[in-house]
Amino acid sequence: MRRTLIATGLAATSLVLLAACAEKPSEADGTVSVKAADSSCKVSATQLKAGPTTFAVTNAGSKVTEFYVYAEGDRIMGEVENIGPGLSRDLVVDLPKGDYQGACKPGMVGDGIRQDLSVSGKAAKELSDSAELKAAAASYQRYVESQTGALIDKTTEFVDAVKAGKVDEAKALFPRARTYWERIEPVAEIFGDLDPITDGREPDAKAEGRDFTGWHRIEKQLWVAGNTDGMDPYADQLLANVTKVVQESKDKPLTALQLAQGSKGLLDEVATGKITGEEDEFSHTDLWDFKANIEGSQAAIAALRPVLEEADPDLVTLIDQRFKALDTELDQYQDADTGEWAGYDTLSKEQVKRLSDSVAALSEPISKVAAVVAASA
Amino acid sequence: MSERSPLSRRALLGAAGAGAVAASVAGGYAVGATRDEPVRPDPEAVPVAFEGRHQAGILTPAQDRLHFVVLDVTTESRDELVGLLKEWTQAARKLTQGNEVGVYGAVAGAPEAPPEDTGEALGLPASGLTLTIGFGPSLFERDGRARFGLGDARPADLVDLPLFSGDRLEPSLTGGDVAIQACANDPQVAVHAIRNLVRIAFGRASVRYSQLGFGRTSSTSASQATARNLFGFKDGTANVKSEDRDVDDVVWVQQGDGPDWMVGGSYLVARRIDMRIETWDREPLAGQEAIIGRAKGSGGPLSGGDEHATIDLGKRGSDGQPLIPVTSHVAKAHPDNNGGARILRRGYNFVNGTDGLGQLAAGLFFISYQRSPEQFVRIQRNLAGPTNDALNEYLVHRSSGLFACPPGVGPRGFWGETLLG
């Protein structure tokens, strides 16, 4: 699922920027022209004022190019892609005070031809400055913290069982540990490098020529081979990476907009991976993940609720209704006593269709949340 | 984003047109050559009127492409159903006139929001798009229970079609609450329309199945050439045409036929008929012609004459046998053998790729419109079964649906207003 995750992460970043500059177009006085060629990248000014800057990028070269603005550590502040030879495109970036780099990427490969940019003056107002949105982000952060604790504990138990060769115990722990992972998937979204090696699937690993690792590598061993032979390094690596995601989520909490995007991203995960039963192809424990994604999405919407109720109460009503309908549809497959979910392979085509309908019904109103959040910043 | 003004596809087209003119002037070509000639609008760009006494897409000369969708209404709230029909009508008005769905359409909305219109028809003309809606029996009652308070409104004729001999119906392709037929001369325009209507319906209705079609297999206007089906034969030569004097009697529900809300409407039959293409292709020419009852080249009946020659079922050859075999498709379907029953056919060829065995997964998506379902039932009874129409050896009926298409919509009305308004 890495492709989806990275794309969503980037979209969330650029949304913040776009929304911020659309809010006060009159301040967008700074225009910088960028002449991109096959082996040069000329930026007309490198000393910029804080606030929105328009980079007017013209491609004078022969290859399709891109232009990026990076902050420290190659954090992408804005990008404009796919500029054909002879074409011009604008990139508007709202840059707070600090040091950046502008980069042209002829042929759309490599690190690009870079130029230092220095931004001075008062930091631009950030979207998340709204007290309500800050509160929403903080509320979701508390949810993430509650989940990450359990995630580390359950993953540790799972890893210990695998390393002790306890196949049945490991099988029972697998979907339970993953529940906490799937609930906070918007967080993992930001760490595009960790997700594929932790939650990637076999065909993708093969296609990218890397070792098949993470949750699903161990899943395959448990359910296909029926043992844990050779799994020790994979188990250790899994725990290390999960711990890393948890640590980084504390250092870089999500903004309200990323949250809104994340709630939709979780449903997209359900619609593409779980509905098809391809996520847990060996164990068929997809319904565990399914429910966890829905719960995570619900938590993200709950955090945003005060903002949404203010801006669009009808949307909140509709979302509530459709969450409820989906829960009703889904919960019939859970054993109320044990909490166990039915194997995905036991569902009929009609049952899957009904779940899919309910997810689609919920995804439409949730896809409108990000715009509402952006408008209320 | 409120300062953004809504764009329409037609506005974009205008801009594209202007650009084209500018380009040709700059290139030094054709300046003055067409100066005094009247501007002739591209027929593709002229939209078909959405409003009228009858729904468009029934007597409208058959366009070349089809996207047909059957949905199940998932809400049980009458208000939500009415809301959906109103939203659909609003979208259909825009779509059929070549415009984008919504206030801001595909590109003029807030950048943080998914576009209201999916955008794949931007820059394309209206392409003769028509959208036609019909209601299945299950919208009125299901499992013996009335839905949406419509139990009494169901016309007595609106019941599932009987099972015909040889039917191999797939439940997931059969029945359904609502059908929407999109016909256009550009497949992208038809697909765009259905995709946007389905999107509007998420949470209130769910798609049961949909079917793409091409190469209209019937003419519904005398001005159209007769198209061929995938067996290579002209199909629809004897179809009811919009110019026929008795077309009203054949197609439109009249006062007194049943509930008043259906007056000016029509009954739609939709059936996916798979064709055994490879087997057919191994049949000798004479055999193919005897099965159909017409000459493959000209389309003329085997009793003699050109395509439009009168069919003479009684004419015999030197061997004393009828020139048009009694088991031929033409003979079995002829009004003389069906108590005079006639229907307006509007079917389309389809190819759903190949099946797992490398055979063409193809056939005819049969669509007919009639004043009463009885007209279709009578003809199909006469055709169905291994000992009747010889063509059945090469056909498998996979889906079946009957839908009541309400009359047309006025300037402010909505689809189904006579039923639910």
Side-chain angles (χ1 to χ4, degrees), chain A residues 11-23 25 92 127 256-258 260-261 264 267-268 271 311-312 314-315 317-326 328-329 348-350 352-377, chain B residues 1-5 69-77 79-81 83-84 87-88 91 101-119 138 142-143 170-178 194-210:
Chain A
T13 311
S14 55
L15 278 179
V16 175
L17 305 165
L18 276 170
C21 64
E23 193 188 28
V92 184
L127 183 72
L257 251 174
Q258 284 175 318
Q261 289 290 349
K264 176 185 158 293
L267 292 178
D268 292 345
D312 194 342
D314 290 349
L315 184 63
T317 311
L318 188 61
I319 288 173
D320 283 351
Q321 238 176 41
R322 297 199 173 163
F323 263 123
K324 206 173 151 210
L326 175 56
T328 309
E329 196 59 60
S348 72
K349 226 173 128 186
E350 288 73 31
V352 172
K353 169 85 162 29
R354 282 210 302 277
L355 285 173
S356 168
D357 284 346
S358 304
V359 171
L362 176 59
S363 299
E364 276 294 318
I366 284 200
S367 74
K368 300 194 169 99
V369 166
V372 175
V373 167
S376 61
Chain B
M1 300 304 132
S2 54
E3 74 277 12
R4 289 174 185 241
S5 62
V69 67
V70 174
L71 304 106
D72 291 315
V73 178
T74 48
T75 176
E76 290 301 324
S77 149
D79 286 349
E80 280 198 42
L81 173 61
L84 174 60
E87 280 179 53
W88 267 348
V101 167
V103 177
Y104 298 108
V107 292
E112 301 85 0
E116 290 174 297
D117 182 288
T118 54
S138 54
R142 196 165 57 192
D143 305 324
E170 293 175 19
S172 60
L173 300 176
T174 295
D177 294 340
V178 178
I194 293 300
R195 174 173 164 195
N196 281 274
L197 294 179
V198 165
R199 186 180 180 203
I200 289 169
F202 280 126
R204 291 177 285 186
S206 141
V207 173
R208 195 174 178 86
Y209 68 94
S210 81

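Protein chains get the first letters and strands the later ones, always in sequence-line order, with residue 1 at the start of each.
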Are Asp72(B) and Ser206(B) close enough, and set up right, to give a side-chain hydrogen bond (donor to acceptor under 3.5 Å, both in side chains), and what steps lead you there? CA-CA 5 Å; Asp72(B) 291 315; Ser206(B) 141; 5.6 Å; no
Arg322(A) side chain to Ala361(A) main-chain N or O, any donor-acceptor pair under 3.5 Å? yes
Closer than 3.5 angstrom, by distance alone: can the side chain of Asp117(B) be matched with the main-chain N or O of Gly102(B) as a donor-acceptor pair? no
Quick check on Gln321(A) against chain B: is it the side chain, the backbone, both or neither that has a heavy atom closer than 4.5 Å? side chain
Are the charged groups of Arg142(B) and Glu76(B) less than 4.0 angstrom apart, N to O? yes
Tell me, side chain or backbone of Glu80(B) under 4.5 Å from chain A's heavy atoms, or both, or neither? side chain
Would you mind checking which part of Lys353(A) comes under 4.5 Å of any heavy atom in chain B, side chain (CB onward), backbone (N, CA, C, O), both or neither? side chain
